[in-house]
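A short worksheet on the structure shown next.
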Amino acid sequence: MREAIRLAKEGVVSGNGGPFGCVIVKDGQIIGKGSNMVLKTNDPTAHAEVVAIRDACKNLNHFQLEGCEVYTSCEPCPMCLGAIFWARPAKVFYACTKEDAANAGFDDEFIYQEIDVTPANRKIPMNSLLREESLAAFEIWKEKGDKTLY
């Protein structure tokens, strides 16, 4: 956890992004790490957890983090929470809470609220388009015999 916190501080000082850091550990060894890189990369998805997940998966040569632990300097935002669930680590540890983040200007409560709103009524309206045509991709997936489930 101290390494995640160090990365969070380093990220702020370097100007790369917000005060967030993350490390991923397997068998007692750090296999992935990241700090918030949103400002450096102009990528709104470059949160510390996502950067660390990408690094760890690259190092493991696998798309999941089975048997790994995530140590993050702050409770994950909704995007990072989703990424963590998709990566399937064994456990997550966090230092600061989402309330601490909100007090520092990183309030993601509105995202949690928007999840429960009908897509067309969200603050950024979302409308289905070409659903029938797109269902063909799911049919191909369902019929594929050599697919890797994830």
If the condition is side-chain hydrogen bond (donor to acceptor under 3.5 Å, both in side chains), which residues does Asp108 pass it with, not counting sequence neighbours?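 With neighbours one apart ignored, the set is empty.
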Give, for atom [atom1] of [X] and atom [atom2] of [Y], the distance between the pair rounded to the nearest 0.5 Å.
X	Y	atom1	atom2	result
Glu3	Ser73	CD	OG	11.5 Å
Glu49	Met79	CD	CE	8.0 Å
Lys98	Leu81	NZ	CG	9.0 Å
Thr72	Ile84	OG1	CD1	6.5 Å
Tyr94	Cys74	OH	SG	9.0 Å

Can you list every side-chain hydrogen bond (donor to acceptor under 3.5 Å, both in side chains) pair that touches [range], not counting sequence neighbours?
range	value
residues 21-37	none
residues 80-92	none
residues 8-24	Arg6-Glu10, Ser14-Asn16
residues 125-134	none

I'd like to check the side chain to side chain contact (heavy atoms under 4.5 Å, CB included) partners of [X]; sequence neighbours left out, ordered by chain and number.
X	result
Ala87	Ile53, Leu65, Pro89
Asp107	Ala102, Glu109
Asp100	Cys96, Thr97

Do side-chain atoms of Asp55 reach the backbone of Val51 as a donor and acceptor pair under 3.5 angstrom?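 Checking the backbone N and O of Val51 against the side chain of Asp55, no donor-acceptor pair under 3.5 Å is found.
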Identify whether [X] and [Y] are in the same connected component of the hydrophobic contact network (ILVMFWY, side-chain heavy atoms under 4.5 Å).
X	Y	answer
Ile30	Phe93	yes
Val23	Val92	no
Leu39	Val12	no
Ile5	Val70	no

Run the side-chain donor-acceptor check on residues 110-122: report pairs under 3.5 Å with partners two or more places apart or on a different chain.
unit_1	atom_1	unit_2	atom_2	d
Glu114	OE1	Lys123	N	2.7
Arg122	NE	Glu114	O	3.0
Arg122	NE	Val117	O	3.2
Arg122	NH2	Ile115	O	3.3
Arg122	NH2	Val117	O	3.4

Of the non-hydrogen atoms in Gly34 and Ala48, which two are nearest, and what is the gap between them?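 Residues Gly34 and Ala48, closest heavy atoms: O-CB, 3.7 Å.
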ring-ring contact (aromatic ring centres under 6.0 Å, His included) contacts in which one or both residues fall within residues 119-150, not counting sequence neighbours: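 For residues 119-150: Phe63-Tyr150.
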ring-ring contact (aromatic ring centres under 6.0 Å, His included) contacts touching residues 7-57 (sequence neighbours left out):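 Residue pairs with at least one partner in residues 7-57: Phe20-Phe106.
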Is any side-chain heavy atom of Cys68 closer than 4.5 Å to a side-chain heavy atom of Leu60?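 The answer is yes, as the side chains (C-beta and beyond) meet within the 4.5 Å cut-off.
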For Lys144, what residues pass the salt bridge (Lys or Arg N to Asp or Glu O under 4.0 Å) criterion, not counting sequence neighbours?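 Checked Lys144 against salt bridge (Lys or Arg N to Asp or Glu O under 4.0 Å); matches are Asp146.
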